[in-house]
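Down below is the structure, laid out as structure tokens.
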Amino acid sequence: MNIQETLKEVITKGIQEIYNVSINTVEFQATRKDFDGDITVVVFPFLKVIKGNPVEIGNKLGAYITEKVTDAKGFNVVKGFLNIILNDGYFLNHFYSIYPLQNFGFEKPNPIEKSVMVEYSSPNTNKPLHLGHIRNNLLGYSVSEIIKASGKKVYKTQIINDRGIHICKSMLAYKKFGQGETPESSHLKGDKLVGNYYVKFDQEYKKEILSLMAKGLSEDQAKKQAPLLLEAQEMLQKWEAGDTTVVTLWKTMNQWVYDGFEQTYKALGVNFDKNYYESNTYLLGKDVVADGLQKGVFFKKDDGSVWIDLTDEGLDEKIVLRSDGTAVYMTQDIGTAIQRIKDYPDVGGLVYTVGNEQDYHFKVLFLILKKLGFEWAGNLYHLSYGMVDLPSGKMKSREGTVVDADDLLLDMTTTAREISEDLGKLEGYTDAEKKTLYKTIGLGALKYHILKVDPKKRILFDPKESIDFNGNTGPFIQYTYARIQSILRKADFEYDSTVVSINLHEKEKLVLKQLALFPETIQLAAENYSPAIIANYTYDLVKEYNSFYQSIPILGCGQLEEKIFRVQLSKKTSEVIKSAFQILGIEVPERM
RNA sequence: GGUGGCAUAGCUCAGCUGGAUAGAGCACCUGCCUUCUAAGCAGGCGGUCCUAGGUUCGAAUCCUAGUGCCAUCACCA
């Protein structure tokens, strides 16, 4: 039983004995640093059943607790706060209960719990990945790992948007202007090459619009009648009809893009258990809609289009099937969700990592699935995150105002190299080791920078201002890890024994307390789908550790038992740093 | 206009189910490398927690109204 439960029992009993009233909750909080004590009981809520002065009640309770609870050695009362001071033995016991654990804080997959499928990335195959995708990928990957660590099996997936008018646009531009260019001939990454033609299409299309407008058409007319657009639409029809030439080109260009994406994913350190392709799923869902129409979940309008009426839920009517019987995005998403549960019957819930511009779409999707009566429909979550904007505003691929993912990753590595070379601490490292390290640090800086922010908040990214490597940053935490590794390398004595008879230093206690919070932090982060909670926890841990590190000697400590304990404490701290960063998708270096 | 999100130090952000004097980092200023890695530590400066009401012993946190920014409301994705 943990100390909080023990205290709750004792307090309940104490209040019964002293005041002859019963209470059912006790409010605890960690004692603030500027007060003496370890755990605090808030007395105010008791005033509802006990009339009296909170300080007096606090004193009586404090005395009762110190008498009954062996781990409590003293107390003080400030206003209505009863601060309880615990014995060092309590902290040491707790430490040795977690010290030997391999994956402290991680819950083993619970066989009773249903698995979760997390979708993230889900790119279009007509342009390269940019900073917005990076946020998506980092969030999706990390949330997957966090849920896993919280005790559920997780499948990572993406749906690749490999068909549609936008794909035809780059295909058409390539056909017209490509002159047989390939990634090999141009030495371009495949996704970059294809992206160039997407931009090219837009440029040529705009020219056509202008010339049509010069001939007297309105802007709207010109946009609809531009020959390039008509041709792209025609291409889409041919694709849907299975036209060999179009499909061959589509396959070729998509493969280029996949190869390019694969490189970027690898560089980012993300992966997937299962890929879905829109070209396979876009027709799914139609049967379900027909079914739902029979059941009366949907209704048909005179023109044959099928809708759902969500006005009762405060939303609008939403189309689920066009009048010509073709599927819209929603149709597909309904079908894909059902398909996923079919493919993975152990999955009991889905998480969609998609930007907050699609909040409405997912609200509707979830409602529809619920109305269709799927029992898992209550376990759908839209991991909605804020946009990554530039000082100039939104990133737009067609206008070239994007921060390219590959470029950014390279920049981060370069910065890491420059800083490392300046500091010059890598004597004895081979060039290959250094290269790996620069990547670890650069990537760590970027990932931490993005993940430490609450997902729902938008991020303003200024390419001119470099991402920090000092303060509340990834490299700072990695650095602390590396410092501890250095200590462990130098600790050339046995430090396996259990230490019992030492007086804990205040700084040691602070580190211990923070370590103890790791398991509940993982659960909290999983419940909130928030890597930011893990990031902030880790930062707090590292701050406490550094303060300890710098104010008392570890290896230089003359007293053997204390020295052993300090090494053990350091070791455990580094393990937790590593675990926490692992679920953020960030690596830690042995030296830096 | 309807709906949703966000608003905390000059800048970037924490602040768990309401609790003590609202916390970090960056920037600026002071100290600390002949002792375990100074990508660090210790300290200083800096706040009408958007505004106005309300609930409460107690509100940055909950409720209402307003303001600002963003998103969304298509037989688009």
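Proteins come first, then strands; the chains are lettered A, B, ... in the order of their sequence lines, and each starts at number 1.
In this structure, A:Arg32 atom CZ and B:G19 atom C1' are separated by 10 Å, rounded to whole Å.
Ranking B:A24, B:G19, B:G40 by closeness to the A:Val42 side chain, first place goes to B:G19. Checking B:C36, B:U3, B:C57 against the side-chain heavy atoms of A:Phe44 singles out B:C57 as nearest.
Each of A:Thr473, A:Asn472, A:Thr538 was evaluated against A:Tyr448; a single residue qualifies, A:Asn472, per the side-chain hydrogen bond (donor to acceptor under 3.5 Å, both in side chains) test.
When the C1' atom is used for both B:C36 and B:G23, the distance is 30 Å, rounded to whole Å.
Residue A:Arg322 has a polar side-chain atom (N or O) positioned under 4.0 Å from OP1 or OP2 of B:C76. Look at A:Lys79 and you'll find a side-chain N or O under 4.0 angstrom from OP1 or OP2 of B:U21. For A:Arg489, no side-chain nitrogen or oxygen approaches OP1 or OP2 of B:C36 to under 4.0 Å. At the phosphate of B:C36, neither OP1 nor OP2 sits under 4.0 Å from any side-chain N or O atom of A:Ser570. Between A:Ser486 and B:U37 there is a side-chain polar atom (N or O) within less than 4.0 angstrom of OP1 or OP2. Between B:G40 and A:Asn470, a contact under 4.0 Å exists linking OP1 or OP2 to a side-chain N or O. Distances shown here put a side-chain N or O of A:Arg483 below 4.0 Å from the OP1 or OP2 atom of B:A38.
Taking syn as a glycosidic angle within 90° of 0, B:C57 does not qualify and is anti.
Side-chain contact, A:Thr40 with A:Asn83: a donor N or O sits under 3.5 Å from an acceptor N or O.
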What would the secondary structure line of RNA chain B be in dot-bracket form, counting Watson-Crick and G-U wobble pairs under 3.5 Å, with [ ] for pairs that cross earlier ones and | for pairs with another strand?
(((((((..((((.....[...)))).(((((.......))))).....(((((..]....))))))))))))....
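With centres under 5.5 Å and a plane angle under 30°, the ring of A:Phe81 is stacked against the base of B:A20.
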Check step by step if salt bridge (charged side-chain N to carboxylate O under 4.0 Å, His left out) holds for A:Glu544 and A:Lys33.
CA-CA 12 Å; A:Glu544 296 295 4; A:Lys33 272 187 204 161; 2.8 Å; yes
Protein-proximity profile, nucleotides 5-18 of chain B, B/S/- by nucleotide at the 4.0 Å heavy-atom cutoff, equals SSS-----SS----
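Residue A:Ile583 comes nearest to A:Ala149 through the heavy atom pair CG2-CB, 4.0 Å, listed as atom of the first residue, atom of the second, then distance.
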